[in-house]
Amino acid sequence: MVIAIDGPAGSGKSTIAKLLAEKLDYTYINSGKLYRAITLGCLRSKIDITDSEKVIEYARNINIEYRKTDVFIKGENVTDLLHTDEIDKFSSPLSAIVPVRHIVNDLIHKLAEGQNAVVEGRDMTTVVFPDAKHRFYLDASADSRAKRRFDQGVSNLSLLEIKNAILQRDEIDKNKVEGSLKIAEGVQYLDTSDLTIVQVYEKLIESID
Ligand code: DC
């Protein structure tokens, strides 16, 4: 069974998806981490993210693995390197490159094949697993999303700068040619702005049978 969760950055979906996967003993797949890992690899290889051809070639040949909650490139665990301001910035335009999306989607299908999985991202409920048994869209106001990111203490930006960066990424995410962020018909929508993690978890688990 697949549980698919989409939503904008900072909506709480990663925390919730991870928690659900742990409690249900499901495979956890965070698709954003795959886009982030490809971005990291490109930056390390000095590939210009606006050079689609080079990015696609790199993504085709990248040796990327997902083990539990961690992502590996050529055997190196890069998980802790994926949430810098730089990767935040460049993963958004990189993920707008359609062939890169196809590469990532194929990888996700392979990872989830024959598994019970919780998958999360921007197009899990629409493109990658439109027929998932349970589909959720988690949302939150830009202010609360920025505050969550700020409170993580991993960004060097001010609260206002974080909010502006989030709004900019929302624009790119919502206007992608393929896999754009949208509220699919039939998904369960939840605004998490004023909810704790436990409250969101309880609401989701209630509707999962
Ligand atoms: O969820 P995240 O912030 O870790 O995602 C990183 C980037 O990848 C973000 O710009 C959105 C993009 N992304 C996407 O386009 N499609 C997905 N399924 C997941 C993430």
Side-chain angles (χ1 to χ4, degrees), residues 2-18 21 28-43 49-50 52 55-56 58-59 62 64 66 69-71 73 78-112 117-130 132 135-140 142 144-146 148-150 152 154-155 157 162-184 187 192:
V2 170
I3 300 170
I5 306 176
D6 283 328
S11 57
K13 64 185 186 315
S14 298
T15 312
I16 289 300
K18 208 162 140 182
Y28 167 63
I29 305 169
N30 175 328
S31 55
K33 277 191 185 171
L34 298 172
Y35 288 106
R36 286 173 182 271
I38 298 171
T39 307
L40 175 72
C42 284
L43 294 175
I49 303 293
T50 62
S52 313
V55 174
I56 295 163
Y58 178 84
I62 191 175
I64 200 165
Y66 206 111
T69 55
D70 287 356
V71 178
I73 300 178
V78 295
T79 316
D80 290 342
L81 308 175
L82 301 180
H83 286 274
T84 61
D85 293 326
E86 197 186 24
I87 305 272
D88 272 7
K89 182 173 162 201
F90 288 112
S91 57
S92 194
L94 175 135
S95 65
I97 303 171
V98 172
V100 173
R101 302 199 68 80
H102 295 166
I103 292 164
V104 170
N105 293 349
D106 285 351
L107 182 58
I108 296 169
H109 279 141
K110 275 190 201 125
L111 291 167
V118 182
V119 295
E120 57 118 327
R122 304 291 188 287
D123 60 346
M124 298 298 108
T125 62
T126 52
V127 174
V128 187
F129 294 101
R135 294 184 303 150
F136 299 98
Y137 187 102
L138 300 190
D139 211 350
S144 62
R145 293 192 284 134
R148 284 174 190 164
R149 170 82 177 153
F150 185 75
Q152 281 170 0
V154 290
S155 174
L157 305 178
I162 292 177
K163 184 179 167 189
N164 287 336
I166 279 180
L167 291 173
Q168 249 175 29
R169 288 209 283 145
D170 280 0
E171 269 313 293
I172 299 181
D173 284 344
K174 287 181 177 159
N175 292 299
K176 282 176 181 150
V177 176
E178 240 182 63
S180 62
L181 177 64
K182 54 180 165 235
I183 306 168
V187 294
T192 69

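For ligands, and for the atoms within them, numbers begin at 1 and follow the listed sequence. Quantities reported herein were computed from a predicted structural model and do not represent experimental measurements. Nothing fancy with the numbering, it's 1 onward along the sequence.
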Which of the atoms of ligand 1 are close to [X], meaning less than 4.0 Å from one of its heavy atoms?
| X | value |
| --- | --- |
| Gly121 | 18 (N), 19 (C) |
| Ser92 | 10 (O) |
| Arg169 | 3 (O), 9 (C), 10 (O) |
| Met124 | 18 (N) |

**Study point:** Under 3.5 Å: donor-acceptor pair, side chain of Thr79, backbone of Val71
**Key:**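 Judged by distance alone, yes, a pair lies under 3.5 Å.
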
Check your understanding: Between Lys33 and Thr69, is there a donor-acceptor pair closer than 3.5 Å when you use the side chain of the first and the backbone of the second?
Key ->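 Pair found, side chain donor or acceptor close to backbone of Thr69.
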
Among all protein heavy atoms, pick out the one at the shortest distance from [atom]; state its residue, atom name and that distance to 0.1 Å.
| atom | value |
| --- | --- |
| atom 5 (O) of ligand 1 | Gly32 CA, 3.5 Å |
| atom 19 (C) of ligand 1 | Ser31 OG, 3.3 Å |
| atom 7 (C) of ligand 1 | Ser91 OG, 3.5 Å |
| atom 12 (C) of ligand 1 | Ser95 OG, 3.4 Å |

Exercise for review: Ignoring hydrogens, just give me the one of Arg122, Lys176, Arg149 whose non-hydrogen atom is nearest atom 15 (O) of ligand 1.
Suggested key: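 The residue whose heavy atom sits nearest atom 15 (O) of ligand 1 is Lys176.
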
Check your understanding: Given Lys13, Arg101, Arg36, Lys89, which has its nearest heavy atom closest to atom 16 (N) of ligand 1?
Key ->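 The residue whose heavy atom sits nearest atom 16 (N) of ligand 1 is Arg101.
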
Would you say the side-chain atoms of [X] and [Y] include a donor-acceptor pair closer than 3.5 Å?
| X | Y | value |
| --- | --- | --- |
| Ser31 | Glu120 | no |
| His83 | Gln152 | no |
| Asn175 | Glu171 | yes |
| Asn30 | Tyr28 | yes |

Practice item. Measure Asp173 to ligand 1 on non-hydrogen atoms and call it side chain, backbone, both or neither using the 4.0 Å cut-off. Key: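 Side chain only; the backbone of Asp173 stays clear of ligand 1.
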
Point to revise | salt_bridge(Asp173, Arg122) N-O dist < 4.0 Å | key: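 Yes, this pair counts.
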
Review point. Can a salt bridge be assigned to the pair Asp6 and Lys182 using a cut-off of 4.0 Å between side-chain N and carboxylate O?
Key: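 No, no charged N to carboxylate O under 4.0 Å.
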
**Study point:** Contacts of type salt bridge (Lys or Arg N to Asp or Glu O under 4.0 Å), residue Asp123, not counting sequence neighbours
**Key:**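 Applying salt bridge (Lys or Arg N to Asp or Glu O under 4.0 Å) to Asp123 gives Arg101.
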
Practice item. Please identify each residue that fulfils salt bridge (Lys or Arg N to Asp or Glu O under 4.0 Å) with Asp170, with sequence neighbours left out. Key: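 Only Arg145 meet the salt bridge (Lys or Arg N to Asp or Glu O under 4.0 Å) criterion with Asp170.
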
Check your understanding: How far apart are the closest heavy atoms of Thr192 and Ser11, and which atoms are they?
Key ->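 Here Thr192 and Ser11 meet closest at OG1-O, 2.9 Å.
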
Should [X] be counted as touching ligand 1, given the test is an N or O pair under 3.5 Å?
| X | result |
| --- | --- |
| His83 | no |
| Lys33 | no |
| Asp88 | no |
| Asn30 | no |
| Tyr35 | no |

Point to revise | Close approach, Glu120 and ligand 1, non-hydrogen under 4.0 angstrom | key: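 So Glu120 does not count as touching ligand 1.
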
